[in-house]
Amino acid sequence: MKIATWNVNSLKVRLPQVLEWLGSEQPDVLCLQETKLADARFPVAELADAGYRALYHGQPTYNGVAILSRTPPSDVRCDWPDGGDGQARLCAASFGDLRVVNVYVPNGQALDSDKYPYKLQWLERLRGLIAGELQGWPQLLLVGDFNIAPDTRDVYDAADWGEGILCSAPERAALGALLELGLHDSYRKLHPDARAWSWWDYRAAAFRRNQGLRIDLILASSPVLSRTRDVVIDRAARAAERPSDHAPVCITLESGA
DNA sequence: ATGGTAGCACGGCTA
């Protein structure tokens with residue numbers, strides 16, 4: 001079973017690439033972030049033609065998440081239990097015994113921005129939600145754009161980036177609190193020494209100079225990690241014509257429990 | 001060079 005996550009930075013613009021990627025990679029589940037689409041404009045028919053149904057939760061202009069799958073999901077969740085705060089950043093669905101939670105964590109912008117405490121509060125709230133989900137779903141994947149580089153290995157130049165946004169100690173502590181629930185950074189577990197990025201800024205020719213960060217993560221509960229065959233970052237998608245600034249990340253699981 | 005690019009119901013905001 002293959003489950004992937006990809007911040008597409010506008011599904012309207014990136015739909016041809018998403019369709020091509022679905023065709024070549026054939027994932028069972030693809031979680032999207034930054035679809036930037038109102039639900040009425042979600043490309044349901046085009047994806048159905050490609051063999052994928054869609055669970056989507058969007059808004060105009062900003063944010064937006066979706067879960068594409070070849071089989072019907074169950075126990076669908078489209079926002080926070082209390083209805084959320086108007087920012088479409090969370091959805092979840094189950095495929096058999098596997099729970100998949102898809103998040104677009106707030107960027108935070110800068111340490112002195114009011115978006116920074118919002119990010120930290122959002123992550124604290126997510127911890128509570130995931131703790132509850134794990135009660136009913138021991139086999140769980142928490143995937144998405146976390147907007148946090150877990151440690152210095154995940155930054156092209158950690159000394160230069162320092163304690164800036166995406167790398168500050170409170171952000172990393174909030175990610176650590178999620179891991180303490182019994183989740184594992186699957187890519188890092190399988191590739192302890194890898195220096196690989198999932199996001200490169202559009203500005204300053206960051207991709208050409210390979211100046212990136214690994215902020216798109218697949219966190220797996222222990223039962224899922226134990227049946228993980230591999231985790232890969234598809235750097236080629238970032239090198240494509242008119243790319244998203246993020247690369248897809250894909251986990252392959254042994255089939256069965 | 002202390003910036004740059006990309007996307008968005010269109011132009012200041014977000015990343």
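Below, chain A is the first sequence line, B the second, and so on; all start at residue 1. The model shown is predicted, which means the values in this text are computed figures rather than measured ones.
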**Report entry** C1'-based separation of B:dG12 from B:dA1 [nearest Å]
**Finding:** 25 Å

Report summary line: A:Asn9 atom CG is separated from B:dA6 atom P, nearest whole Å, by 11 Å

Query raised in the report: In whole Å, what is the span from the OH atom of A:Tyr116 to the C1' atom of B:dT14?
Result: 19 Å

Query - Donor + acceptor pair across side chains of A:Asn102, A:Arg89 (<3.5 Å) - result: no

Query raised in the report: Toward the 5' end of DNA chain B, which comes first, A:Val13 or A:Asn147, by nearest nucleotide?
Result: A:Val13

Query raised in the report: Using a cut-off of less than 4.0 Å, is there contact between a side-chain N or O of A:Arg14 and OP1 or OP2 of B:dA6?
Result: no

Report task. Measure the distance from CZ on A:Phe207 to P on B:dA15 and round it to the nearest whole Å. Result -> 23 Å

Query - Protein-nucleotide distance (A:Glu241, atom CD; B:dA6, atom C1'), rounded to Å - result: 14 Å

Query raised in the report: How are the rings of A:Trp161 and A:Trp199 set relative to one another: parallel (under 30°), tilted (30 to 60°) or perpendicular (over 60°)?
Result: perpendicular

Report summary line: Per nearest nucleotide of DNA chain B, the residue lying toward the 5' end, A:Trp199 or A:Thr61, is A:Thr61

Query raised in the report: Quick one: is B:dC8 close enough that its OP1 or OP2 comes under 4.0 Å of any side-chain N or O from A:Ser10?
Result: yes

Requested in this report: Have a look at A:Arg238 and say if it touches a base, only the backbone sugar-phosphate, or nothing, with a 4.0 Å heavy-atom cut-off.
Outcome: nothing

Query - Shortest side-chain distance from A:Gln109, nucleotide among B:dA15, B:dC13, B:dA6 - result: B:dA15

Query - A:Arg242 CZ - B:dT5 C1' separation (whole Å) - result: 12 Å

Report summary line: note: A:Ile165, atom CD1; B:dT14, atom C1'; distance rounded to Å ~ 13 Å

Report summary line: Separation of B:dA9 atom P from A:Lys36 atom NZ, nearest Å, is 9 Å

Query raised in the report: Can any side-chain N or O of A:Arg53 pair as donor or acceptor with the backbone N or O of A:Leu68 at less than 3.5 Å?
Result: no

Query raised in the report: If the P atom of B:dT14 is compared with that of B:dA9, how far apart are they to the nearest Å?
Result: 15 Å

Query - Proximity to the side chain of A:Lys115 - top-ranked nucleotide from B:dA15, B:dC8, B:dC13 - result: B:dA15

**Report entry** Backbone of A:Leu166 reached by a side-chain donor or acceptor of A:Glu171 within 3.5 Å
**Finding:** yes

Query raised in the report: How far does the C1' atom of B:dC10 sit from the matching atom of B:dG4, given to the nearest Å?
Result: 22 Å

Report task. In whole angstrom, give the distance that lies between atom CD of A:Gln211 and atom P of B:dT5. Result -> 15 Å

Query raised in the report: Side-chain donor or acceptor of A:Arg41 under 3.5 Å from a matching atom on the base of B:dA9?
Result: yes

Query raised in the report: P atom, B:dG3 versus B:dC8: distance in rounded Å?
Result: 26 Å

Query - A:Ala204, nearest nucleotide to its side chain (from B:dG4, B:dT14, B:dT5) - result: B:dG4

Query - Flag, side chain of A:Arg172 to backbone of A:Cys167, donor-acceptor distance under 3.5 Å - result: yes

Query raised in the report: Step by step, would you call A:Arg70 with A:Asp28 a salt bridge (Lys or Arg N to Asp or Glu O under 4.0 Å)?
Result: CA-CA 6 Å; A:Arg70 294 208 276 206; A:Asp28 296 284; 3.7 Å; yes

Query raised in the report: Heavy atoms under 4.0 Å, any strand shown: does A:Tyr104 hit a base, just sugar-phosphate, or nothing?
Result: sugar-phosphate

